[in-house]
Every structure is written in structure tokens, then in C-alpha cells.
Amino acid sequence: MNSFSKRVAIYARYSTDHQREASLEDQIALCKERAEREGWQIVKIYQDAAISGKSLNRPSYQNLLADAKNNHFDIVLASGTDRFSRDMGDSAHFFELMTFHGITIVTLTEGKVDKTMIGFKSIMSEMMISDVAFNTKRGLRGRVKLGKNPGGNAYGYKVIDNGSEGEHGNREIIEAEANIVRRIFQDYANGISPRKLAQNLNAENIPGIAGRTWKDTTIRGQVSQQTGILNNELYIGQIVWNKRTFSKHPETRKRLSRLNPKEFWLRKEVPELRIISDELWDRVKKRQEHMTIVMARDEHGNALNRVHRKKHLLSGLLFCSTCGSKYVITGIDQYGCSHYKRGPATCDNNKKVNRKLAERHVLKTLKTSLYTQENMECFAKAYKAEQTRLYNQKNQEYEHLSTELKTVENKINNLVEALASANRSPAIAKALTQYEGRLLELQNKMQETPATQKPITLTPNLHDLYKSRINDLQKTLSKEGVNSQAAEIIQKLIGRVEVIPRGTDTRGADLKVFGNFEQAIELTRAS
């Protein structure tokens, strides 16, 4: 393949809302110029706006990875390696993925990127992020000591700018919102639950934070994590900063927060920002303590072990067709829309679903109308074709690794012989070290890649076998000891169940069951 037929994908990204959106246009324009000079064919442009390079949850970045696996391009071009990621581990993984799929990484600042370059640039990016984080935190600490806003804002206040240097980040009370804050504290202290509070506010069309609808979690937050309106000490004239440390989980990549020890918190008195009295604050704290004790015990006064609470067969599988939110237990053996519970302004679907009747309907659907013989045969054909493709792909990967492994072993043998006769030539010794390193990489990859396999075969009587298995599972649901295992298998067969309201009474609803055909096939193979 010559340079004029190379297919190139362009990736551009900028980090925050404070950067110019034109930054994307600049990156793309410069990349286009480079591609045109090289004679490369631009097949797709990927761009992520206002998303940090420390996060992998970037839509276009994930699309780029998916297209790379499907051989959509030969080169990926960006303004710099930091556009792909600022995390050392993620950068190394990205390089390995592109190399595995035979894709070359080229940037405007570094040229063709190799393993050494990606490591060096990743370390530099990590150092830059650490320096920025340290300097930012130092600056925020200084702002807190001056009684100014360290970032973000709370309901009931607005940030003002007096225009002169050092006068940025002052706050003042929004009286209309402050009245809502006082109402929330007063009502909660008088025994009204956060859920009911949210319902009342939504019913009165009072806009919540950033104009959104009110949620009970916004009001109550978590006492242990000092979140939520009822736990915000700014309402008693106290700025409390550095409560939490945020870090990214190395496996899930999710951003998690941990509460810092109280000795690391920084407090600043700002009496001009007080909205509620100490007396009302103390009443709320006492009720929170009381509710913590109540919630930790059942109706017999025994401590609840929430880890062992029974999970119903359809838990997490029922969804409201009106707003898309989950149906949750709202009473004894009764499901209801979770968003309707927050108030009709959020969702007007008031239909209730009896748990036992819903379970019977879903089980009947699984046995009869959903997994019909025609449906299963149709899916089995597509399933087998996809599995065969994946097996063939794995076989090709294994054969490619095996061929390269033999080549590297032959080269190592030749170099060993040459080294013995060349009186330890430095050049030959260096080449030998490089090939030995590649040999180790190939051996590790071959351990991860399964040896040549045959395409899967499916039993010809799928439907009959499925019916037999589902009947057995239904019988075991009532038997002690295997109940949870049988329920777990059945839950996997249910993709989701939509609750579709009909009529005017609260019980008029239809259930539409969506199946997971892949699990149905696996169920027959497991028998």
C-alpha cells in the first residue's frame, strides 16, 4: 500500500469550557493540512469538546477505538499525544491497541509516535496535571481565607464580580431562593420527609438547582459525606473547604470522592451569607440522627442487614414507557414509577403494578410468546454467524502470533551463532536484546489468545430444549436453596419490561417484555 492510499482518521479534543471551541477547529485544520501534504485520504474526523484527557468516557474517543478494531483507517492523526490521553496507563494502552490493529499514530508535534515517545509524553502530561492541581488547590485555599467562592456555587446564592482586582468570587444571597432553603429546613425539622418536600416543590412548579426538578436526594444528600442542602454549612455562615478528595478508580475509571479527616478541612466565617439560624440547624441535625437510628431497624426493632434483603424477580427490570425511569417498589407487593414519586411535573404515569401478577405475566411470556421457535431459530442463525466470525478472527490472530514467534526464534538463534563468532559485537548484542524482548511479548500475547478452535455448533432442537429448561427453572423458584440461583438465570433472560399505561385508573397498565436471546442460547448450551 503506497502513501497515497493511506486512510487517516483525525482526532481533536479540548479540555474545559474555559478553552475556546475554536481550538477544535484549529486542531482539525492543521491536521487536514498535514494529511493533504502526505497525500493521505481523510476518512473520518473525531472530536470531543470540553472533556478532560484524564477521562476515557469520551463519545468520539470510544467511537475511534471501535472503528480501529473494524479496520476503518490506517493512521490516526492528532495535534499531540496528549489529545488522546493525559494518563500514563491509558496512553500506553491506546498505543498497544493501535499497534495491535496495525494502525500508525502520527501527531503534528511528535511525528510518528513510538513506544518510547508515548511513555515520555505521558510522564510529562502527568507531571503537568500534578503541577496544575497543586497550584489550583493553593489558589483556592487563598480564596477561602478571603471568604470568597472557591468554585461552584450553592442554591440560594449568586457569585458577583465587583470588577476590581481581588474582588472576584464574592457571593450574595438570592432572597427568593433563601426563602425556599428556610422552608426546606423548617419543614424537615417539623417531620416532613425529603421525598415529600421534593414532591411539594415540584407540584408548585418551583425550579430547583439550575432550573431542574427537585429530587429527595438533592435535599437530604448524604450526612456521612456532608452533601445535600440539609448538610451545607454555608447556610449558617460557614465556608467549609477541602472536605473531600477526588480520585479516579484505576479499574473502573470512575471519579470517586473520599471524605478527608476533619483536621484537613478549612473553615471561614462568612456571617453575611447566613440564611438559617443555629437553632434550626441543630433541630435538623437531631432529626437526621433520629432517622438514622430508625432506618437502621425493622418493625421488630431489629437491626437490618441490607446486604441480605430479598431481591424480587423483576427488580431493576421494570421501566416506565412514559419517562424511561425505573419502576420501583412503592408499597407492599406494588411497583410504581420512580419519577412519578417526585411529583406529576416530572412524570404523569401514576399506574401501579402488582408484583406477583407482573412476575406471573413475565414468566408466561418467557415460556410462550417471546422465545418462539421461529424467533429462536432466526437469532440462533445470526448468533452462530457472529460467533464463527469471532472464532475465525481469534484463530487468525493466533496464527499470526505463532508465525512471528517462529521468525523471532530463528533470528535469535542466528544472532547467538553470530555473536559467538564475532567476539561479542555490540551491535549484534543490542539486536539480540531487542529480539528477546519481542519474544517475551509474543509469548505473553499467545497465552492471552486461545489456541485454534473450531466454530461453535448449536443443538438443532433449541426451542424444545429452552422450554424444558425454563420449566425446570420456574419449578425451582419456590424451592429453598436454589431460589436465588434460578431467579438470577431468569433475570438474565429478561432484557427489560416496559410498563405502558392505559385507561384512567391507577391499575391500568400493559407489560411489554423484551428478551435477551443470547442468554436464551447460552441457557440451552448449559443444559
Side-chain angles (χ1 to χ4, degrees), residues 17-18 135-190 192 194 197-198 200-202 204 206-246 257-289:
D17 294 323
H18 300 295
N135 291 330
T136 299
K137 197 165 187 177
R138 182 177 60 186
L140 292 176
R141 179 178 291 273
R143 294 176 69 83
V144 172
K145 287 184 176 181
L146 292 172
K148 299 184 184 298
N149 177 30
N153 197 22
Y155 182 81
Y157 304 92
K158 67 178 179 180
V159 180
I160 57 175
D161 179 2
N162 292 338
S164 58
E165 185 66 26
E167 291 300 317
H168 305 297
N170 293 311
R171 277 185 281 203
E172 67 179 25
I173 295 173
I174 303 173
E175 197 54 42
E177 292 185 358
N179 288 332
I180 300 301
V181 172
R182 296 185 188 102
R183 170 182 169 180
I184 288 172
F185 272 82
Q186 191 69 52
D187 286 354
Y188 180 81
N190 290 337
I192 299 177
L197 274 168
N200 292 342
L201 292 170
N202 288 329
E204 296 172 34
I206 296 173
I209 298 173
R212 296 189 291 268
T213 56
W214 288 94
K215 298 180 181 179
D216 62 318
T217 51
T218 305
I219 295 171
R220 60 180 167 81
Q222 287 183 288
V223 178
S224 62
Q225 292 295 313
Q226 295 287 291
T227 59
I229 284 180
L230 292 175
N231 302 302
N232 191 342
E233 293 183 70
L234 187 58
Y235 296 133
I236 53 171
Q238 292 257 345
I239 294 178
V240 186
W241 179 76
N242 201 35
K243 287 183 179 180
R244 287 178 292 277
T245 296
F246 294 89
S257 69
R258 293 186 177 91
L259 199 66
N260 292 330
K262 287 191 176 183
E263 57 265 29
F264 293 116
W265 296 8
L266 178 62
R267 291 180 174 274
K268 175 66 178 179
E269 294 276 353
V270 281
E272 69 276 12
L273 297 181
R274 177 186 284 273
I275 289 178
I276 65 168
S277 66
D278 289 335
E279 184 271 335
L280 180 55
W281 174 270
D282 291 339
R283 286 176 59 201
V284 165
K285 294 297 111 181
K286 287 179 180 178
R287 179 158 189 251
Q288 285 178 326
E289 292 174 5

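The basis for the numbers below is simple: all heavy atoms, side chains too, and nothing from hydrogens, waters or symmetry mates.
- The heavy-atom pair separating Ala189 from Val284 by the smallest distance is CB-CG2, 4.2 Å.
- Ile219 and Pro194 get closest at one heavy-atom pair: CD1-O, 3.8 Å.
- A distance of 7.5 Å separates CG of Asn153 from CD1 of Ile174, quoted to the nearest 0.5 Å.
- The distance from the CG atom of Asn190 to the CZ atom of Arg183 is 12.0 Å, given to the nearest 0.5 Å.
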Item to check | Pair Tyr155-Ile180, side-chain contact (heavy atoms from CB on, under 4.5 Å): steps then yes or no | outcome: CA-CA 9 Å; Tyr155 182 81; Ile180 300 301; 3.6 Å; yes
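- Note: Gln222 CD to Leu230 CG = 13.0 Å, rounded to the nearest 0.5 Å.
- Considering CG of Asn202 and CH2 of Trp214, their distance stands at 9.0 Å, rounded to 0.5 Å.
- For Lys285, the NZ atom sits in a packed shell: over 12 heavy atoms of surrounding residues, nucleotides or ligands are nearer than 6.0 Å.
- Note that the CD1 atom of Ile276 and the CZ atom of Phe185 stand 4.0 Å from one another [nearest 0.5 Å].
- For the atom pair CD1 (Ile160) and CG (Asn170), the distance works out to 5.0 Å, reported to the nearest 0.5 Å.
- For the pair Arg220 and Gln288, the minimum side-chain heavy-atom distance is 4.5 Å or more.
- At a threshold of 4.5 Å between non-hydrogen side-chain atoms, the residues Glu233 and Trp281 count as touching.
- What you find for Arg182 and Ile275 is that their closest heavy atoms are NE-O, 3.0 Å.
- Between the side chain of Asp216 and the backbone N or O of Leu197, no donor-acceptor pair lies under 3.5 Å.
- Between Tyr235 and Ala154, the shortest heavy-atom contact is OH-CB, 4.3 Å.
- Results of the side chain to side chain contact (heavy atoms under 4.5 Å, CB included) test with Ile236 over Asp282, Val270, Leu273, Asp278 single out Asp278 as the only residue that passes.
- Under the 3.5 Å distance criterion, the side-chain polar atoms of Tyr157 are matched with a main-chain donor or acceptor of Leu234.
- Listed for the Arg267 side chain is no donor-acceptor partner under 3.5 Å among the backbone atoms of Gln238.
- For Arg274 and Glu269, the salt-bridge test fails: no basic side-chain N is under 4.0 Å from an acidic carboxylate O.
- Considering every non-hydrogen atom in both Val159 and Arg171, the closest pair reads CG2-CG, 4.0 Å.
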